[in-house]
Amino acid sequence: MKILPRKFYSRPTLKVAQDLLGCFLVRKYRGKIWRAMITETEAYVGEKDLACHASKGRTPRTEVMYGEPGHAYVYMIYGMYHCLNIVTEKKDFPAAVLIRAVEIIDNPPLLNKERVGVRLNGPGKLCKFLKIDRKLNKWDLTKKDKLWLEHRGSKIKLDKIKKSKRIGIDYAQHCRESLWRFTLNS
DNA sequence: AGATTGATCCAT
DNA sequence: TGGATCAATCTG
């Protein structure tokens with residue numbers, strides 16, 4: 001399976017968010033490898049997007065979004081959950097794709113058979129399951145170590161992508177209306 | 001609808 | 001330094 005190169009991420013975030021659907025998120029943890037298919041994403045695009053953390057400018061927390069694409073932005077939310085984001089666009093343009101849901105697609109050593117095919121819906125849940133926390137913040141996803149992404153096996157049809165409003169951003173005024181949440185229908 | 005939980009940010 | 005806020009999840 002081919003690893004996604006930096007130039008994949010160095011593109012408009014709305015495109016990357018949709019192209020990530022069906023791709024594989026691979027986690028290597030303590031010598032074991034877990035692989036999951038991405039089924040839901042959300043795009044957060046630039047300082048003008050009031051839902052994007054970078055709308056408040058460059059801070060130590062948002063710094064990674066201003067950096068090179070293809071890195072992980074992992075932050076803690078509500079004191080108990082982590083969310084995994086993929087940095088996109090060119091350097092100095094802050095944007096990222098939030099991974100909202102994945103589906104366990106193979107049978108890695110640590111997983112029971114029952115868990116194959118299970119859909120991990122919710123960014124906090126999938127991070128907990130895949131042992132993703134802030135130690136992986138700023139991680140380079142183009143190296144085949146700890147956490148990386150791979151091309152999807154086959155093409156997906158555009159009509160399988162459902163667009164809807166993003167979740168949990170009621171404060172974002174007009175940006176609430178953007179249909180920047182992408183779900184892969186089975 | 002409420003409780004949980006702590007990092008982050010901005011105003012003092 | 002203090003307090004409001006928060007891209008969530010579970011329970012009932």
Side-chain angles (χ1 to χ4, degrees), chain A residues 9 11-23 25 27 29 34 36-89 92-104 111-112 114-115 117-139 141 147 149 161-185:
Chain A
Y9 304 104
R11 296 185 297 141
T13 308
L14 295 184
K15 280 211 168 63
V16 176
Q18 290 172 83
D19 288 347
L20 278 174
L21 293 174
C23 290
L25 181 65
R27 174 73 167 120
Y29 181 78
W34 305 315
M37 187 177 72
I38 296 170
T39 55
E40 188 178 328
T41 60
E42 280 179 5
Y44 291 86
V45 189
E47 294 177 347
K48 286 184 188 150
D49 176 4
L50 298 176
C52 181
H53 286 172
S55 64
K56 290 178 180 148
R58 200 189 274 246
T59 68
R61 183 203 201 189
T62 59
E63 181 66 31
V64 57
M65 279 204 277
Y66 290 81
E68 289 287 334
H71 289 253
Y73 167 35
V74 182
Y75 63 88
M76 173 162 273
I77 188 68
Y78 301 121
M80 24 187 1
Y81 297 103
H82 297 274
C83 291
L84 170 65
N85 299 254
I86 316 289
V87 176
T88 58
E89 312 254 0
D92 292 320
F93 184 91
V97 174
L98 170 68
I99 308 299
R100 285 200 66 87
V102 300
E103 192 172 302
I104 303 297
L111 300 180
N112 306 328
E114 299 88 76
R115 279 173 172 162
V118 157
R119 188 155 182 161
L120 296 172
N121 53 321
K125 229 154 80 173
L126 74 90
C127 281
K128 187 178 171 191
F129 193 86
L130 294 173
K131 304 273 189 229
I132 293 167
D133 60 26
R134 293 208 334 198
K135 291 199 284 292
L136 286 170
N137 193 30
K138 303 189 179 179
W139 190 256
L141 300 166
L147 187 67
L149 289 100
I161 299 179
K162 185 182 133 199
K163 301 179 174 73
S164 55
K165 292 180 190 174
R166 292 176 292 179
I167 299 293
I169 52 157
D170 288 346
Y171 58 88
Q173 300 174 42
H174 64 279
C175 296
R176 278 181 302 180
E177 307 305 317
S178 307
L179 298 176
W180 288 356
R181 176 187 183 206
F182 306 105
T183 311
L184 183 60
N185 295 321

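Here the structure is a predicted model, which means the values were calculated and not measured. Note that these values count all heavy atoms, side chains included, but never hydrogens, waters or copies made by symmetry. Numbered from 1 within each chain, the chains take letters A, B, ... in sequence-line order.
Remark: the backbone N or O of A:R181 is not paired with any side-chain donor or acceptor of A:E40 at under 3.5 angstrom. Between the side chain of A:T41 and the main chain of A:A17, a donor-acceptor pair closer than 3.5 Å is present. Distance alone, capped at 3.5 Å, places no donor-acceptor pair between the A:T62 side chain and the A:M65 backbone. Looking only at distances, no side-chain donor or acceptor of A:R176 sits under 3.5 Å from a matching main-chain atom of A:K165.
For the atom pair OG1 of A:T39 and CG of A:L20, the computed distance is 11.5 Å after rounding to the nearest 0.5 Å.
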Practice task
Any chance you could encode DNA chain B as dot-bracket? Rule is Watson-Crick or G-U wobble with both distances under 3.5 Å; [ ] for pairs crossing earlier ones, | for another strand.
Solution key: ||||.||||||.
Completion exercise
The contact string for nucleotides 4-10 of chain C, one letter per nucleotide 5' to 3', using protein heavy atoms under 4.0 Å with B, S and - for base, sugar-phosphate only and none, comes out as --BBBSS
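Inspection of the A:Y75 and A:H53 side chains reveals no N or O donor paired with an N or O acceptor under 3.5 Å.
Heavy atoms of A:R134 sit under 4.0 angstrom from primed sugar atoms or phosphate atoms, though from no base atom.
Residues passing the side chain to side chain donor-acceptor pair (under 3.5 Å) test with A:R11 are A:D19, sequence neighbours excluded.
A cation-pi arrangement is absent between A:R27 and A:F129 under the rule of less than 6.0 angstrom and at most 45 degrees off the ring axis.
With rounding to whole Å, A:R58 atom CZ is found 13 Å from B:dC9 atom P.
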